[in-house]
There are 2 protein chains.
Amino acid sequence: MTPDRAPTAGTEPPRMRADARRNREQILRAAREVFAAQGPDAPLDEIARRAGVGVATLYRRFPDRADLIRGVAIDVLTALGEAALTARDAEVEPFEALRTFMHAALDLKLGSVMPALIGRLEADDVLDGVRQDAADPVQELVTQAQAAGTLRPDVRFGDLPLMLMRVSRPLAGGQLAEDSALAHRQLEIYLDGLRAPGTCDQRATLPGPAVDLGWFKRIRTRLIGHQSPSRPRA
Amino acid sequence: MTPDRAPTAGTEPPRMRADARRNREQILRAAREVFAAQGPDAPLDEIARRAGVGVATLYRRFPDRADLIRGVAIDVLTALGEAALTARDAEVEPFEALRTFMHAALDLKLGSVMPALIGRLEADDVLDGVRQDAADPVQELVTQAQAAGTLRPDVRFGDLPLMLMRVSRPLAGGQLAEDSALAHRQLEIYLDGLRAPGTCDQRATLPGPAVDLGWFKRIRTRLIGHQSPSRPRA
DNA sequence: CCGTAGATGGATGGTTTTTCTCCACTTCCA
DNA sequence: TGGAAGTGGAGAAAAACCATCCATCTACGG
């Protein structure tokens, strides 16, 4: 998922110690979640805490916030590109490949981090390369599915990542247990909206929890007055 | 939109001064935007600034943060209920009414505030009543559209507000000019996914900007390194 | 098995944000 | 026109956050 290299990936292969590498990955994982939920100015203390490491470890690995943000972005986009390639190779029907990819990307919480970070990234060769690697396979999937006549012709590339950003953002600060399942369900509906006219009969049954009015109220109530004992932060 | 009464709506009709009432509404409007963009812990200074009033005015109207959050929630849910009723009365075909309602709700940025506030609300009779008034007409629209056979039968009430929350949240902290148009476009796709099988031919053409790969990259670039000169906050 | 370079965590001081009150001045309304 | 209600902004107190230092610990090559 992440190159086993130093923070600022360059040409040197410094072979970090095993525990250091492990910690670095846990920091990136935690940072991804926290940035997604709280935005790019989230306290670094919290990221360290959630990663199970001390603050000093975080500062050693990522000297300042920009480094960390950059690291998360590269990590995330790398995984995104891999997910697209995997989906392309695993499915024969291009629309199904697209569908597989979208669900995979959602699982990785990819779309939720980037909008939080995008205003803080600086142009960068490594980053640009990773971006290219992430975007190209997706564009390819779109072209193929439209050529096959299963993806409606008036959608464009942007409709996919942009909806991914929307649908993968945690709903109520990540306190809702069913959040992921609900996101997949709603993504499925969106995907049905993306099918070409005349292919509506190929719709799958909707997965995940069907939230009726009563359930909706219960969800709401469960979240009310949740005083966030340990972390009253945003 | 908002009752012309004092913050904690009770039985007294104290008849606020005209300018005070005007300011109160501007505060609510500003708070709605800021909470939506920055979450429930956004600085109150900024809300006051954006409302064009001094901080003292805000504190006079809403003694503490909880009061303000409550006020915003009531304001927002009231408008939501009204939008649902308006849509129901304006359209004959129930699916079209649903569609009108969803777009109206999106315009009001309704869905984006509630998820930010929902963890901070305390149970309350007034609030519960307003919530009921907001939810019931929507449920009614769902029932009617399913009875008419134009809304797919396996969707439930929750699929509407939950997607509304997702799609109406600003994408990149609200710095993207096309944000609203894009949201409407993607909502339209989602709505097409909600149509009953066999009614796909009734799809409208997609509105709003069709973002292809090139445009997407340009959007990305435009946001890069945006140092947020005046407000480097989350 | 051991020595050491590298890695770790948490306390700590200093800085920046944010809150919320106070008061001199302004504005609506009767 | 009188006066009560309303207003803005300065500023002190409090809280949150950053970023470093150092005593201790651990992976790993010999």
Side-chain angles (χ1 to χ4, degrees), chain A residues 4-8 12-31 34-35 37-69 71 120 227-234, chain B residues 4-8 12-31 34-35 37-69 71 120 227-234:
Chain A
D4 292 352
R5 310 232 223 84
T8 34
E12 79 288 23
R15 294 240 17 251
M16 303 168 64
R17 241 169 67 173
D19 53 345
R21 200 159 53 227
R22 202 165 36 240
N23 280 336
R24 179 169 191 274
E25 276 165 24
Q26 276 173 340
I27 289 172
L28 282 177
R29 197 183 332 278
V34 174
F35 282 147
Q38 305 195 32
D41 289 309
L44 298 184
D45 289 14
E46 166 142 355
I47 294 176
R49 197 174 51 72
R50 222 198 278 204
V53 305
V55 212
T57 305
L58 193 155
Y59 276 100
R60 163 177 294 258
R61 237 26 98 191
F62 304 95
D64 59 12
R65 186 179 289 269
D67 269 317
L68 179 56
I69 287 179
R120 300 302 197 81
Q227 294 292 24
S228 321
S230 62
R231 193 177 49 79
R233 193 114 318 286
Chain B
D4 291 352
R5 310 229 223 85
T8 34
E12 79 287 22
R15 294 237 19 250
M16 305 168 62
R17 241 169 65 174
D19 54 343
R21 199 158 55 226
R22 203 165 34 242
N23 280 336
R24 180 170 191 275
E25 275 165 25
Q26 277 174 339
I27 290 173
L28 283 176
R29 197 182 332 280
V34 174
F35 282 147
Q38 305 195 31
D41 290 309
L44 298 184
D45 287 13
E46 165 142 358
I47 294 176
R49 195 174 53 71
R50 220 196 282 202
V53 304
V55 211
T57 305
L58 194 153
Y59 276 99
R60 163 180 296 257
R61 242 19 103 193
F62 304 94
D64 59 11
R65 187 178 288 271
D67 269 317
L68 179 57
I69 287 180
R120 300 301 196 79
Q227 294 292 24
S228 322
S230 63
R231 195 178 47 80
R233 195 115 316 286

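Worth knowing before you read on, the calculation uses all heavy atoms, side chains too, and leaves out hydrogens, waters and symmetry mates. Source: prediction; values computed, not measured. Order of the sequence lines sets the chain letters (A, B, ...), proteins ahead of strands, with each chain counted from 1.
- Between A/I27 atom CD1 and A/I47 atom CD1 the span is 9.0 Å, to the nearest 0.5 Å.
- Close to D/dG6, at under 4.0 Å from its OP1 or OP2, lies no side-chain N or O of B/N23.
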Reading 5' to 3' through nucleotides 18-30 of chain D, protein heavy-atom contacts under 4.0 Å coded B for base, S for sugar-phosphate only, - for none: SBBB----BSS--
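- Considering only side-chain N and O atoms, B/R61 lies under 4.0 angstrom from the phosphate OP1 or OP2 of D/dT7.
- The interatomic distance linking B/F62 (CZ) with D/dG6 (C1') rounds to 15 Å, in whole Å.
- Put simply, the side chain of A/R50 does not reach to within 4.5 Å of the side chain of A/R29, judged on heavy atoms.
- When every heavy atom of A/F35 is checked against every heavy atom of A/A42, the shortest pair comes out as CD2-CB, 4.4 Å.
- Here the side chains of A/D67 and A/Y59 are not in contact, with every heavy-atom distance at 4.5 Å or above.
- Taking 4.5 Å as the limit, some side-chain heavy atom of B/D41 sits within range of a side-chain heavy atom of B/R120.
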Side chain to side chain contact (heavy atoms under 4.5 Å, CB included) between A/N23 and A/Q26, worked out: CA-CA 5 Å; A/N23 280 336; A/Q26 276 173 340; 3.7 Å; yes
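- Using a 4.0 Å cut-off, some side-chain N or O of A/T57 falls inside it from OP1 or OP2 of C/dG9.
- Between the CZ atom of A/R60 and the C1' atom of C/dA5 there is a distance of 11 Å, rounded to whole Å.
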